[in-house]
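Here's the structure we're looking at; comments come further down.
No experiment lies behind these values; they were computed from the predicted model shown. A, B, ... follow the sequence lines: proteins, then strands. Residue 1 opens every chain.
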There are 2 protein chains.
Amino acid sequence: MKQGADLQTLVGYRVQRANLLMETDARAALSDFDLSPAKMTALILIRDNPGCDQTALGRALSINRSSAMKLVNILADKGFVERRPGRDLRTNALALLPEGARQLEKMVAAVRRSDARMTQRLSADELATLHDLLARLGPATGLSDDEG
Amino acid sequence: MKQGADLQTLVGYRVQRANLLMETDARAALSDFDLSPAKMTALILIRDNPGCDQTALGRALSINRSSAMKLVNILADKGFVERRPGRDLRTNALALLPEGARQLEKMVAAVRRSDARMTQRLSADELATLHDLLARLGPATGLSDDEG
DNA sequence: TATTGTTATACTCTATAACTATA
DNA sequence: TATAGTTATAGAGTATAACAATA
């Protein structure tokens with residue numbers, strides 16, 4: 001199939017194809033854990049932000065609180081995270097449980113191996129450049145990607 | 001929300017965030033057309049590969065022929081593409097209809113504006129570098145190791 | 001009034017399996 | 001046997017709308 005200039009010159013298209021490639025491999029790397037890359041990301045965020053609430057987690061993942069609810073249900077059903085009393089009576093404080101921490105360590109190692117394999121044709125300098133360029137995508141007025 | 005080194009150093013994570021950013025903006029740019037960026041891509045592929053069959057279209061989009069079927073149904077229902085007799089009695093030859101071509105031209109222009117806005121902080125050289133680096137993601141090629 | 005969690009519901013996208021008709 | 005299209009069904013992921021409890 002021919003893919004002409006209209007597609008090849010769109011950065012969004014190239015990013016989408018790259019994402020599909022990376023995501024598919026990362027998902028395969030996690031097949032033993034029955035968790036998607038996105039759910040691993042959620043575990044990392046909970047680990048690194050202990051006591052965060054579901055709405056904040058959703059915001060960090062760019063999903064709404066209803067979707068975050070489902071996500072936390074799945075992680076809680078697996079015994080990986082726990083809902084604890086939060087800063088007021090409305091909010092949950094999310095906590096990573098020991099079993100979640102153990103499994104997460106293995107998951108991150110597996111995904112890191114996948115990431116390394118998929119980027120092995122790039123030098124360290126090129127990888128740094130790629131990180132920088134990706135981080136600078138977005139409208140001119142926008143802030144960095146971890147800004148609320 | 002803190003996003004520690006585990007996330008920030010994964011290329012797959014950065015690509016996923018970049019894709020979400022680009023895809024969301026492109027989707028908004030297409031809101032008048034009631035078609036997703038992926039469906040616009042399908043229209044482009046049909047336009048640039050007239051007479052292709054549904055299975056080949058699916059392969060180019062990395063979806064299976066059942067999913068390609070649904071996609072073509074939607075594009076056909078809108079009067080944008082047509083199934084014509086193919087090279088044998090099993091296959092369809094997909095064709096972009098005049099109305100599809102007219103709308104596609106506007107869609108590509110809108111997505112191109114979105115793409116330009118989301119990449120405006122990158123110079124022409126940097127854009128070329130980004131294209132190159134994204135294209136080089138994936139497992140090592142060319143040698144006997146685990147090439148399929 | 002606004003916010004958090006929750007539930008119910010629905011939509012998009014994709015996949016698998018099976019069937020048909022061709023090859 | 002293998003392939004293209006098709007259909008039915010299912011699953012993941014997400015969204016909206018509403019509600020209760022709380023702020």
Side-chain angles (χ1 to χ4, degrees), chain A residues 1 16-17 19-21 23-24 26-28 30-31 33-43 45-46 49 51-78 81-95 148, chain B residues 1 16-17 19-21 23-24 26-28 30-31 33-43 46 49 51-78 81-95:
Chain A
M1 285 282 268
Q16 188 261 321
R17 298 305 296 179
N19 183 50
L20 182 61
L21 200 67
E23 206 265 352
T24 299
R27 188 175 294 270
L30 289 178
S31 57
F33 301 94
D34 193 35
L35 281 187
S36 64
K39 294 197 185 70
M40 186 196 76
T41 299
L43 286 179
L45 288 169
I46 293 168
N49 299 275
C52 71
D53 65 36
Q54 295 178 183
T55 299
L57 176 65
R59 209 179 309 125
L61 294 167
S62 302
I63 60 179
N64 72 10
R65 65 207 159 102
S66 167
S67 301
M69 172 82 200
K70 277 197 178 182
L71 177 56
V72 172
N73 282 346
I74 291 169
L75 299 178
D77 285 350
K78 296 183 94 68
V81 304
E82 196 179 51
R83 291 175 167 100
R84 294 180 181 163
R87 62 182 183 286
D88 64 46
L89 289 174
R90 294 173 305 181
T91 60
N92 295 325
L94 299 177
Chain B
M1 285 283 269
Q16 188 261 321
R17 298 305 295 179
N19 183 51
L20 182 61
L21 201 66
E23 205 265 354
T24 299
R27 188 174 294 270
L30 289 177
S31 57
F33 301 93
D34 194 35
L35 281 187
S36 64
K39 294 198 184 70
M40 185 196 76
T41 298
L43 286 178
I46 293 168
N49 300 275
C52 72
D53 65 36
Q54 294 178 182
T55 299
L57 177 65
R59 209 178 309 124
L61 293 167
S62 302
I63 59 179
N64 71 11
R65 65 207 160 104
S66 166
S67 301
M69 172 81 201
K70 279 197 177 182
L71 178 55
V72 172
N73 283 347
I74 291 169
L75 299 177
D77 285 349
K78 296 182 93 70
V81 306
E82 197 178 51
R83 292 176 167 100
R84 294 181 182 161
R87 63 184 182 284
D88 64 45
L89 289 174
R90 294 174 304 180
T91 60
N92 296 325
L94 300 177

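Rounded to whole Å, atom C1' of D/dG13 lies 9 Å from atom CD1 of A/Ile74. In this structure, A/Asn92 places its CG atom 18 Å from P of C/dT3, rounding to the nearest Å. Rounded to whole angstrom, the span from the NZ atom of A/Lys70 across to the C1' atom of D/dG11 amounts to 11 Å. In this entry the distance linking CD of B/Gln54 with P of D/dG5 reads 5 Å, nearest Å. Atom pair B/Asp53:CG and D/dT3:C1' shows a separation of 10 Å (rounding to whole Å applied). Rounded to whole angstrom, the span from the CG atom of A/Asn73 across to the P atom of C/dT4 amounts to 18 Å. Following rounding to the nearest Å, B/Asp34 (CG) and C/dT12 (C1') show an atom-to-atom distance of 12 Å. C/dA15 atom C1' lies 16 Å from atom CE of B/Met69, rounded to whole Å.
Every salt bridge (Lys or Arg N to Asp or Glu O under 4.0 Å) that B/Lys78 has, sequence neighbours left out, goes to B/Asp34. Checked against side chain to side chain donor-acceptor pair (under 3.5 Å), A/Arg17 has the following partners two or more places apart in sequence or in another chain: B/Ser62.
In this structure, CD in A/Gln16 is found 11.0 Å from CG in A/Leu21, a value given to the nearest 0.5 Å. From B/Lys39, atom NZ reaches atom CG of B/Leu30 across 10.5 Å, with rounding to the nearest 0.5 Å.
Pairs of residues two or more places apart, or lying in two chains, that qualify as salt bridge (Lys or Arg N to Asp or Glu O under 4.0 Å) and include a residue from residues 51-64 of chain B are B/Asp53-B/Arg87.
One finds a side-chain N or O of A/Arg83 lying less than 4.0 angstrom from the OP1 or OP2 phosphate oxygen of C/dT6. Put simply, B/Ser36 has no side-chain N or O that comes within less than 4.0 Å of OP1 or OP2 on C/dT12. Between A/Arg27 and C/dT14 there is no side-chain N or O to OP1 or OP2 distance below 4.0 Å.
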Tabulate atom names and distances for all N/O pairs under 3.5 angstrom spanning the protein and nucleotides 16-19 of chain D.
| unit_1 | atom_1 | unit_2 | atom_2 | d |
| --- | --- | --- | --- | --- |
| D/dT16 | O4 | A/Ser66 | OG | 2.8 |

Which pairs, protein N/O on one side and nucleotides 21-23 of chain D N/O on the other, fall under 3.5 Å?
| unit_1 | atom_1 | unit_2 | atom_2 | d |
| --- | --- | --- | --- | --- |
| D/dA23 | OP1 | A/Leu89 | N | 2.9 |

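Between B/Met1 and A/Cys52, some side-chain heavy-atom pair lies under the 4.5 Å cut-off. Side chains of A/Met40 and A/Leu35 form no contact here, defined as non-hydrogen atoms less than 4.5 Å apart. Contact annotation: the side chain of B/Val81 never approaches that of B/Leu94 to less than 4.5 Å [non-hydrogen atoms, C-beta and beyond].
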Which donor-acceptor pairs under 3.5 Å do the side chains of residues 69-77 of chain B make with protein atoms, sequence neighbours left out?
| unit_1 | atom_1 | unit_2 | atom_2 | d |
| --- | --- | --- | --- | --- |
| B/Asn73 | OD1 | B/Arg83 | NH1 | 3.1 |
| B/Asn73 | OD1 | B/Arg83 | NH2 | 2.9 |

